[in-house]
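In listed order, ligands and their atoms are each counted from 1.
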Amino acid sequence: MSILIKNGRVIDPANKIDAILDVFIENNKISKVAKNINSSADTVIDASNKIVAPGIIDMHVHLREPGREDKETVATATLAAAKGGVTTVLAMPNTQPAMDCPENVRLLQEIIRKDAKVNVLICGTITKGRLGKELSDIAALKKSGVYAISDDGCSVDSDELMFAALKKAKQAGLLTICHSEDKKLSGKGVINLGFNSTRLGLRGIANESEYKRVRRDVELAKNAASAVHIAHVSCRESVEIITEAKKTGIKVTCETAPHYFTLTEDALLGYDTNMKMNPPLRNIEDLIAIKQGLKDGSIDVIASDHAPHTENEKDIEFERAEFGVVGLETELSVSITELINKQVLDWPGLITRLCLNPARILGLDKGRLTAGSFADVVIISDQQSWTVDKPALVSKSKNSPFFGRCLKGLVDYTICNGTIAYQR
Ligand code: DOR
Ligand code: ZN
């Protein structure tokens, strides 16, 4: 099987390429990136006026399988991923059962082998059952094939346990991903603490519940001489702490999600539960800081935090609705609309944050179009617009915060391991 992609604007920051070129794919691998390739191919794709880039690596995705197949499955989430230009996802471990031991990891690996339409990597838990009481067998998890550990959805409250986890993760050669939230401070909050929480009569979540825990997690990483990755950064102070930590050589990286650089707490004024996620949408100063962090590189990665929930769990009173939004199908278009078209990032900058940096952070031989590497490629019509609505989404759950938005950029092809996984 061979694919020849002709005349696209090839953007591959790892190899400092941004030029009109052809890409030749053979036997699942990138074979050649050059001008005027004339090799014959099984499939020839005309990519004139289109962007050709490495497939997106989304390092924060909730697949919900095993356990909550009513929300999403490996099959439906990876279909949504392919439609969104995503060729690799890191599956968060808050499944039922949680990914806290090799047996459970093997169960999911079996489902992935059968059903996945793109690459799925598994994240194990830091603690057993994500309960924050006892460490998972981190070395055994590594052996079973996980790519990182996280208790995402929860933070490990105990400093001692978190320090021990960082040490063990370092020994095992695993990345630790922190959901940085001090529950004692966020409590029963459901939206950002501020004018709107008072006006709406909803309990608030202060920035400090996030950034104080970010500060702790960074400090522990420094003491353990271990790498740490902060998930879903939403507020200004977190960006500042991470920026300063990077300057002193602490091995900290972080991600934000498209909703944090697009929406503010004002989106909550209609009590729309599709705007409810954890951490919550913050205010305009936070949004500006997130954009600035993306621009100056303090924020390394854009990840969706794709968190599907059923209509029964969302279409209810605000306080009772689940936290989380879907994002696999909109992350690229929202990024083009809000970052490229508003001149926050240029194309190489965006591809670095969506593809190259996640690969580097997770230690993957991906995120670039180097000859010999697996052919994960996305072809994008960046000038095409579309409006987000329910029928447009293939994800099993439809809890998107972007309904009604006109976005720029449509995926024409997603090629995963040299095979067309999605074609518009
Ligand atoms: O909004 C969220 N949803 N935040 C999290 O940390 C967890 C996630 C989920 O699993 O639904
Ligand atoms: Zn999450």
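Within the 4.0 Å heavy-atom shell around ligand 1 one does not find E322. Judged by the shortest distance from any of its heavy atoms, R64 lies inside the 4.0 Å radius around the atoms of ligand 1. Using a 4.0 angstrom heavy-atom cutoff, H232 counts as in contact with ligand 1.
By the 4.0 Å N-to-carboxylate-O rule, D70 lies close enough to R68 to be salt-bridged with it. The existence of a salt bridge linking E219 and R216 is excluded, since no basic side-chain nitrogen approaches an acidic carboxylate oxygen closer than 4.0 Å. Taking a cutoff of 4.0 Å between a charged side-chain nitrogen and a carboxylate oxygen, R405 and E338 qualify as a salt bridge. In summary, R9 and D18 engage in a salt bridge, as defined by a charged side-chain N under 4.0 Å from a carboxylate O.
Here the N, O or S atom of D152 that is nearest to the Zn ion (ligand 2) is OD2.
From the protein, the heavy atom lying nearest to atom 4 (N) of ligand 1 is N278 O, 2.8 Å. The nearest heavy-atom contact from the protein to atom 3 (N) of ligand 1 is F323 O, 3.1 Å. For atom 6 (O) of ligand 1, the closest non-hydrogen atom on the protein side is H179 CE1, 3.0 Å.
Evaluated for a side chain to side chain contact (heavy atoms under 4.5 Å, CB included) with H179, the options D152, I126, V156 yield exactly one hit, D152.
For ligand 1, the polar-atom distance check finds no N/O of A307 at less than 3.5 Å from any of the ligand's N/O atoms.
For the pair OD1 of D305 and NE2 of H62, the angle at the Zn ion (ligand 2) is about 80°; rounding is to 10 degrees.
Between the CD1 atom of I57 and the CG atom of L354 there is a distance of 10.0 Å, given to the nearest 0.5 Å.
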